[in-house]
There are 2 protein chains.
Amino acid sequence: MARTPVPGTRDTVLTAAAGLFYRYGVRAVGMAQVVEAAACGKNLLYRHFPSKASLAAAYLRLYRTERERSVAEALRWADGPGPKLVTLVGEIAEMVRRPGYRGCAFRNYLTEFPGENDEPARVAKQYLADSRTQVAALVSELGGDDLMADRVWLVVDGLHAGPPDQARVAVDWVTEIVQRRSIA
Amino acid sequence: MARTPVPGTRDTVLTAAAGLFYRYGVRAVGMAQVVEAAACGKNLLYRHFPSKASLAAAYLRLYRTERERSVAEALRWADGPGPKLVTLVGEIAEMVRRPGYRGCAFRNYLTEFPGENDEPARVAKQYLADSRTQVAALVSELGGDDLMADRVWLVVDGLHAGPPDQARVAVDWVTEIVQRRSIA
DNA sequence: GTCTATAGAAGGATAGAC
DNA sequence: GTCTATCCTTCTATAGAC
């Protein structure tokens, strides 16, 4: 019989690639580096990911899955649109403050490949659009208008880009906005 | 006799490089592309800019000079810290709405070269620090506290990152913040 | 023998630097 | 123009598990 394929190889490669891509940027990391970090042969890498773009897309999809899991878990403790909104922003702030944070993976990719519309670019755009929709939905549930949704999203954008010392400022501000809305 | 060096060559090369760097990203643009766009010889390029990093640094410095000129000209029409702050944010919003806007050149470079501390990275960090200081100074003149300065900077960060449709939202918000501060 | 794995060379393009 | 180095990708060669 033939040799049994090692299970979990795809995850090993993807995890190694994700760490490198996020830390150093997709453009700066070569496929050889990924192979070395994953401790596998080039053949295996290209069998699971036919191109670097597909590997980058998988990296962003993995990132999205992890973030959605973190957000969902945080939101389980929140009751109602107001607390949910604050919790959501608080979860982002926690990520920003985490050591090794190097910016939003999706925004970073779109910056590294401006004007691109390949698979990873579409994954990134889709995530950002869905994320904004999620914020807008919570604001709408809370009874806020489009202006409030736009302002919260502006804070969220600034939170992603800005330095970690701005994390608390963003959370407090959104908290204030939500409370004012809840009282009025 | 030796041939007289063509005056303005450095500017020609730099302008061509700046356009390409901003549009496609520093990493994506090769020196050959710059040479082709500038319609000059490779030796001439390396005579004025000994490395790609120095060319990128000059590109960011040029960008800074242009922005400071635009901001200074806009601020000449504003009287007092409040109107100045609104004008400053409005000028950024105008830039964001301009066709061909691909994000903040300084933030983009730092994203393309994460963790780097070479010459262009230092230029970028310096500009962002000075820009934040400028905002904080205007807020201070207006009688605002550190929290207000942080919040305005958060909006400015979001304004740079976000889509053009957020430009007006940011300007209106800052206007509102300034007016509330002026009345109270 | 058959299949999967790694290691490495090679192709072809392009990078920065001289 | 040329040099060297590296890029992504493909292919070959070889070792190991069934």
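No experiment lies behind these values; they were computed from the predicted model shown. The sequence lines fix the lettering, A, B, ..., with proteins before strands; numbering per chain opens at 1.
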Selection residues 47-57 of chain A - residue pairs positive for salt bridge (Lys or Arg N to Asp or Glu O under 4.0 Å), sequence neighbours left out: none

Identify, residue by residue, the members of residues 12-21 of chain A with a heavy atom below 4.0 Å from DNA chain C, and return them in order of residue number, or none. none

Check: residues 154-161 of chain B side-chain donor-acceptor pairs under 3.5 Å, at least two apart:
unit_1   : atom_1 : unit_2   : atom_2 : d
B:Asp157 : OD1    : B:Arg107 : NE     : 3.0
B:Asp157 : OD1    : B:Arg107 : NH2    : 2.7
B:Asp157 : OD2    : B:Trp153 : NE1    : 3.3
B:His160 : ND1    : B:Arg107 : NH1    : 3.4
B:His160 : ND1    : B:Val156 : O      : 2.9

A:Leu45 has an atom CG; how far is it from atom P of C:dA5, in whole Å? 12 Å

Could you work out, with side-chain contact (heavy atoms from CB on, under 4.5 Å) as the rule, every residue matching A:Lys42, not counting sequence neighbours? A:Val35

Under the 3.5 Å Watson-Crick or G-U criterion, the dot-bracket string of DNA chain C, with | for inter-strand pairs: ||||.|||||||||.|||

Would you mind building the protein contact string for nucleotides 7-18 of chain C? One character per nucleotide, 5' to 3', B for base within reach (heavy atoms under 4.0 Å), S for sugar-phosphate only, - for untouched. B-B------SBB

Taking only residues two or more places apart in sequence, or in another chain, which ones meet B:Asp118 in a side chain to side chain donor-acceptor pair (under 3.5 Å)? B:Tyr109

Not counting sequence neighbours, list each pair that qualifies as a ring-ring contact (aromatic ring centres under 6.0 Å, His included) and has a residue in residues 66-93 of chain A. none

Just distance, no hydrogens or angles: give the donor-acceptor pairs under 3.5 Å from side chains in residues 127-145 of chain A, sequence neighbours left out.
unit_1   : atom_1 : unit_2   : atom_2 : d
A:Asp130 : OD2    : A:Arg64  : NH1    : 3.4
A:Asp130 : OD2    : A:Arg64  : NH2    : 2.9
A:Arg132 : NH2    : A:Asp150 : OD1    : 3.2
A:Arg132 : NH2    : B:Asp165 : OD2    : 3.3
A:Thr133 : OG1    : A:Ala129 : O      : 2.9
A:Asp145 : OD1    : A:Met148 : N      : 3.1

Side-chain donor/acceptor pairs under 3.5 Å, residues 79-96 of chain B, sequence neighbours excluded:
unit_1  : atom_1 : unit_2  : atom_2 : d
B:Thr87 : OG1    : B:Pro83 : O      : 2.7
B:Glu91 : OE1    : B:Arg67 : NH2    : 2.5

Side-chain atoms of residues 18-32 of chain A: list all donor-acceptor pairs with protein atoms under 3.5 Å, sequence neighbours left out, distances to 0.1 Å.
unit_1  : atom_1 : unit_2   : atom_2 : d
A:Tyr22 : OH     : A:Arg102 : N      : 2.7
A:Tyr22 : OH     : A:Gly103 : N      : 3.4
A:Tyr22 : OH     : A:Gly103 : O      : 2.8
A:Arg27 : NH1    : A:Glu112 : O      : 2.6

Which residues share a ring-ring contact (aromatic ring centres under 6.0 Å, His included) with B:Tyr46, sequence neighbours left out: none

